Each structure stands twice: as structure tokens, then as C-alpha cells.
**Student:** 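Below you'll find the structure I mean.
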2 protein chains.
Amino acid sequence: MKQSAFISPTALRVLDAAQILIQNNGYNGFSYEDLSKMVGLRKPSLHHHFPKKEDLGATVVERYTERFVLALHEIENTYVGAKEQIQAYVDLFIDTYGATQRLCPCGMLGAEAETLPERVRAGVTAFFEFNLSWLEAVITRGEKSGTFTLRDSPDQAALLLFAALEGAMVVGRGLNRRTAVAAVGQAAILSVLTVKSTQSLQGRRNVSIE
Amino acid sequence: MKQSAFISPTALRVLDAAQILIQNNGYNGFSYEDLSKMVGLRKPSLHHHFPKKEDLGATVVERYTERFVLALHEIENTYVGAKEQIQAYVDLFIDTYGATQRLCPCGMLGAEAETLPERVRAGVTAFFEFNLSWLEAVITRGEKSGTFTLRDSPDQAALLLFAALEGAMVVGRGLNRRTAVAAVGQAAILSVLTVKSTQSLQGRRNVSIE
DNA sequence: GTCTATACAACGATAGAC
DNA sequence: GTCTATCGTTGTATAGAC
């Protein structure tokens with residue numbers, strides 16, 4: 001996972017707007033015209049920074065994945081226990097969705113995968129695989145250390161947890177229910193990981209991904 | 001939930017094609033031109049059956065919901081136990097996605113909700129609410145009868161199960177993993193419902209929704 | 001009910017001046 | 001790096017003949 005090449009301040013503003021539009025409208029649901037209104041540049045200026053829509057989409061996904069990787073490293077450095085790390089991971093989704101009701105960009109793009117340019121689609125796949133392997137590793141560690149018991153294999157538990165979080169955003173949006181991700185997140189932790197000690201989790205930090 | 005008005009055989013073929021396009025490409029990802037190629041009619045002929053794209057989208061959602069209602073009644077009439085009914089419900093998702101890798105139309109539209117015409121969006125909300133209330137009722141019954149124990153309230157368990165199934169399609173598509181829904185479905189049943197007796201489920205029927 | 005023809009806007013994208 | 005101007009294509013939708 002290498003670092004992005006240098007991106008100019010203007011290009012960053014374009015990326016920020018594009019990400020919001022992808023989260024709200026989807027890749028097929030926004031245009032350079034929409035972007036133009038948000039950023040305050042004319043369409044050809046946008047093409048100067050991202051010649052094809054495909055470039056823009058792929059860069060949004062790559063930047064989001066990089067930020068996610070950093071956030072998970074931060075979690076590893078902040079929390080020691082597997083249970084606390086999973087809780088912090090779930091909080092990432094709760095805080096991100098709860099603040100804005102915007103979908104995970106890769107969740108939206110995953111639904112649209114069939115129609116996406118190949119580079120964008122590949123980025124989404126990489127994001128999903130990274131999340132699943134991180135979750136599986138943490139869950140495996142928690143099971144081995146006896147922090148919690150599983151009713152499934154770690155990879156199945158990871159997939160269930162991840163699918164539930166991504167699905168909660170889709171369902172929450174359709175229901176117009178802001179609290180859906182929080183409800184699913186907490187229920188998933190209770191259900192997927194049978195935590196052995198019953199101590200409550202406190203000191204929850206607010207760390208959303210933009 | 002009233003029955004649809006009469007729909008001509010040609011209009012039915014248009015609806016079938018439109019549903020597949022929504023499942024694969026999303027509402028913003030298909031056009032009357034795409035539809036024209038699939039059905040073998042010219043664009044104006046399509047507009048004769050469904051004047052606005054909004055009419056087409058709303059009718060697809062309403063018909064899908066009606067079929068889903070019928071399938072759930074069928075499940076109630078076929079299986080007695082709450083556990084078997086939940087299993088049959090999950091099988092509905094497994095079979096539907098597994099056969100074609102097409103998303104649940106309402107899952108796709110839920111992601112796109114922000115950009116949808118009001119009628120279409122309302123139909124998606126109704127579909128979600130219907131599914132959640134059905135699941136909650138069955139789960140409540142299963143808990144009261146002692147078939148399984150919950151770690152959450154029935155409404156949280158229902159939301160978790162539903163979000164996991166819808167999310168599994170999105171994630172499965174992004175990963176190009178055909179078995180994602182089946183894996184999530186089985187893991188969710190194991191995790192969400194702590195089944196008391198350990199007897200295996202047999203005689204699983206294949207009942208997919210088109 | 002289906003067609004040809006067409007309106008009119010929006011789309012992604014480029015040329016070339018500044 | 002941003003702009004005006006514009007290209008060619010596709011989008012939803014309508015008029016009117018058959």
C-alpha cells in the first residue's frame with residue numbers, strides 16, 4: 001500500500017467533493033457539473049486535475065483506503081486488547097455514518113461494481129480484502145487469547161461483521177434511520193463475539209474517517 | 001399491500017428486464033436504450049408502457065415486494081418452527097443471490113436512495129420495514145417458545161440479520177465471491193440466534209425470488 | 001402498440017486563448 | 001491552472017404516422 005503521489009491543494013478539494021458525491025449519489029449518480037458547483041471551478045478545470053472520471057474515482061478510493069489503513073494502525077497503537085480493537089473498529093463506522101449519513105464510499109461502489117471502470121473496481125476489492133484480513137487477524141488473536149468465544153471460524157465472523165456494518169448503512173439510508181449503524185454495530189459485537197468477561201467498554205473515542 | 005393493476009404481457013417483459021438492470025447496474029446505471037436492446041422494442045414503445053423512468057422503477061419495487069410478501073406467506077405455511085422459518089428466509093437470499101449474483105433490487109436502490117424519485121424511494125422504505133417487522137415477529141415468537149436465546153432485543157436481532165444479508169450481497173459483489181451471502185447467512189443464524197437444540201437443518205428447499 | 005423522427009438537456013471530454 | 005467555446009454522444013421524453 002504505497003503513499004499517493006503529490007496532490008495539489010486544488011486537486012484535494014476536488015477529491016473531497018468527489019468523495020462526498022460518491023457517498024451520497026454513487027459513481028453513476030454524479031457528474032463533473034455537480035462537482036463544478038461544489039468546488040467553484042469550471043468543468044474543463046476539473047478535467048485538468050483528473051482527465052477521466054475513472055482517474056477521479058480511482059483516486060478517491062485509493063485515498064480513502066490509505067486513510068483507513070492509517071486509522072487501523074492508530075487503533076492497534078491505542079488499544080491493546082482484541083475486544084477493544086474490534087470495538088474501536090466498529091466505532092469508526094458508527095461515527096463516520098452517524099455524523100453525516102453518508103455511505104462508506106467503497107460500500108456504495110461495491111453495489112455499483114458491475115458498471116465501474118476496472119481501476120475503480122479493483123480499488124474497491126482491495127479495500128474489502130484489507131478490512132476482512134485485518135478483522136480476521138484481530139478476531140483470531142482474541143479467540144486464541146481467550147478474550148471471547150466464536151460460534152464460527154474467524155474468517156466467517158470477520159465477513160459477518162463487515163457485511164453487517166456495510167449493510168447497515170444501506171438499510172439505514174433506505175429507512176432514513178440515523179442510528180442503524182450504531183444499533184447493528186453493537187448487536188454484532190454482542191452476537192458475533194461472545195465476550196467472556198462482562199465488563200462494559202468505556203473511554204470510547206470519537207474517530208471518524210473522512 | 002394491494003395487488004398490482006393488470007399488466008400486459010409486454011409490460012411484464014419490460015419489468016423483468018428493468019429489474020435485472022436495476023439489480024446489476026442500479027437505477028442511475030441503466031437507460032431506456034439498454035432496456036430497448038434487452039426487450040427488442042424501440043425506446044418510444046417502452047415509454048408507452050412506462051411513461052417516466054420513475055413509473056418503471058416504482059413498479060419494479062412494488063412487484064418485487066408483492067412477490068416477497070407471497071414468499072414469506074409460503075414460508076409460514078410450509079414451516080412451523082421459528083428456527084426453520086428463519087432458515088428458509090435466509091435461504092431466500094442465498095438462493096436468489098447465489099443463482100445470478102444479482103443484488104436485491106431494494107438493496108441496490110437503498111444505496112442510491114439519495115438520488116431516487118420519491119415514489120421509488122418510498123417503495124424501498126416499505127420493503128425494508130416489511131422485512132424487519134416480519135423478522136422481528138418470528139424472532140420474538142422463537143424466543144418466547146424457547147427455541148433459541150437472543151443476546152439482543154428481537155428488533156436489534158432482526159436488523160442485524162437483515163443488514164448482514166443485504167450487506168453480504170454488496171461485499172460479495174465487490175469481492176467477486178459468489179458464496180458470500182451463503183457464508184454470512186449461516187454465520188448470522190449461528191451467531192444471532194443461539195439455537196438451543198443442536199439438531200441439523202435438513203430438507204432445505206430451493207426457493208428463489210425473481 | 002409499435003414505429004420513425006426529433007426535441008432538448010446533460011453527459012464526458014477536448015481545443016486553444018489567457 | 002483556469003477559462004470560453006464547443007464537440008460528439010447519450011440521456012429522458014414527446015409528436016405523430018401506421
Side-chain angles (χ1 to χ4, degrees), chain A residues 4-22 24-61 105 108-109 112-121 123, chain B residues 4-22 24-61 108-109 112 114-121 123:
Chain A
S4 311
F6 173 76
I7 300 178
S8 75
T10 308
L12 279 179
R13 289 200 301 127
V14 176
L15 279 179
D16 290 339
Q19 180 174 315
I20 290 173
L21 285 169
I22 288 175
N24 281 335
N25 301 359
Y27 186 86
N28 295 322
F30 86 97
S31 69
Y32 274 60
E33 183 62 34
D34 299 323
L35 211 46
S36 170
K37 284 172 192 147
M38 285 180 69
V39 181
L41 287 178
R42 298 301 202 156
K43 281 196 290 174
S45 311
L46 302 174
H47 280 286
H48 170 77
H49 295 285
F50 300 96
K52 312 259 169 201
K53 197 181 182 185
E54 174 178 353
D55 303 319
L56 182 52
T59 309
V60 166
V61 171
M108 175 64 88
L109 296 171
E112 292 179 296
E114 217 65 40
T115 64
L116 294 180
E118 191 43 44
R119 280 178 59 203
V120 183
R121 191 192 163 118
Chain B
S4 312
F6 174 75
I7 301 179
S8 75
T10 308
L12 280 178
R13 289 198 303 126
V14 177
L15 279 179
D16 290 340
Q19 180 174 317
I20 290 173
L21 285 168
I22 288 175
N24 281 335
N25 301 359
Y27 186 85
N28 295 321
F30 86 97
S31 68
Y32 273 59
E33 181 63 32
D34 300 324
L35 211 46
S36 170
K37 284 172 191 146
M38 283 179 70
V39 181
L41 288 179
R42 296 304 199 153
K43 284 193 283 174
S45 308
L46 302 174
H47 280 285
H48 170 77
H49 294 285
F50 299 96
K52 312 259 168 201
K53 197 182 181 185
E54 174 178 354
D55 303 319
L56 182 53
T59 309
V60 166
V61 170
M108 175 64 89
L109 296 171
E112 293 179 297
E114 217 64 41
T115 65
L116 294 180
E118 192 42 46
R119 279 179 59 201
V120 183
R121 193 196 161 117

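Quick caveat, the model's predicted, so the values are computed rather than measured. To find a chain, count down the sequence lines: A is the first, B the second, and so on, and within it residues start at 1.
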**Student:** Check B:M108 against B:I22 and note the closest heavy-atom contact, atom names and distance.
**Tutor:** CG-O, 3.2 Å
**Student:** Could I get a table of every N or O pair under 3.5 Å where one atom is in the protein and the other is in nucleotides 13-17 of chain D?
**Tutor:**
{"unit_1": "D:dA13", "atom_1": "OP2", "unit_2": "B:K53", "atom_2": "N", "d": "2.8"}
{"unit_1": "D:dA13", "atom_1": "N7", "unit_2": "B:H47", "atom_2": "NE2", "d": "3.2"}
{"unit_1": "D:dT14", "atom_1": "OP1", "unit_2": "B:K52", "atom_2": "NZ", "d": "3.3"}

**Student:** Distance check needed: C:dT2 C1' versus B:H49 NE2, whole Å only.
**Tutor:**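 So the NE2-C1' distance, B:H49 to C:dT2, works out to 8 Å.
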**Student:** From CZ of B:R42 over to P of C:dT6, roughly how many Å is that when rounded to an integer?
**Tutor:** 15 Å
**Student:** Which residue pairs satisfy the salt bridge (Lys or Arg N to Asp or Glu O under 4.0 Å) criterion with at least one member in residues 28-44 of chain A, sequence neighbours excluded?
**Tutor:** none
**Student:** Once you round it to whole Å, what is the distance between P of D:dC3 and NE2 of A:H48?
**Tutor:** 11 Å
**Student:** Taking atom CG of B:L116 and atom CG of A:N25, what is their separation to the nearest 0.5 Å?
**Tutor:** 10.0 Å
**Student:** Which whole-number value in Å describes the distance from A:L56 CG to C:dA13 C1'?
**Tutor:** 14 Å
**Student:** Going by atom type alone, with no hydrogens or angles, which donor-acceptor pairs under 3.5 Å involve a side-chain atom of residues 45-52 of chain B and a protein atom two or more places apart or on another chain?
**Tutor:**
{"unit_1": "B:H47", "atom_1": "ND1", "unit_2": "B:P51", "atom_2": "O", "d": "2.8"}

**Student:** Give the rounded distance in Å between these two atoms: CZ of B:F30 and P of D:dG11.
**Tutor:**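 Rounded to whole Å, this separation is 11 Å.
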**Student:** With a 4.0 Å limit, can you tell me whether B:S45 has a side-chain N or O closer than that to the phosphate oxygens OP1/OP2 of C:dT4?
**Tutor:**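 So the side-chain polar atoms of B:S45 never come under 4.0 Å of the phosphate oxygens OP1 or OP2 of C:dT4.
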**Student:** I'd like to check B:L109 versus B:V60 (side-chain heavy atoms, cut-off strictly below 4.5 Å). Are they in contact?
**Tutor:** no
**Student:** Less than 4.0 angstrom between a side-chain N/O of B:S31 and OP1 or OP2 of D:dG11, yes or no?
**Tutor:**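 Indeed, a polar side-chain atom of B:S31 lies that close.
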**Student:** Whole-Å distance between D:dC3 C1' and A:L46 CG?
**Tutor:**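 My rounded result for the distance is 12 Å.
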**Student:** Restricting to pairs with a member in residues 5-22 of chain B, which pass side chain to side chain donor-acceptor pair (under 3.5 Å), not counting sequence neighbours?
**Tutor:** B:D16-B:R63, B:Q19-B:R63
**Student:** With sequence neighbours excluded, what pairs up with A:T115 under the side chain to side chain donor-acceptor pair (under 3.5 Å) test?
**Tutor:**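 Here the qualifying residues are A:N28.
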**Student:** Please state how far atom CG in A:L41 lies from atom C1' in D:dC3, giving the value in whole angstrom units.
**Tutor:**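 So the two atoms are 10 Å apart, to the nearest Å.
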**Student:** Who are the side chain to side chain donor-acceptor pair (under 3.5 Å) partners of B:R119, not counting sequence neighbours?
**Tutor:** B:D55
**Student:** Could you list by number each residue of residues 12-20 of chain A showing a heavy-atom separation from DNA chain C of less than 4.0 Å, or answer none if no residue does?
**Tutor:** none
**Student:** Only counting residues at least two apart or in another chain, list the ones meeting side-chain contact (heavy atoms from CB on, under 4.5 Å) with A:P117.
**Tutor:** A:Y27, A:E54, A:V120
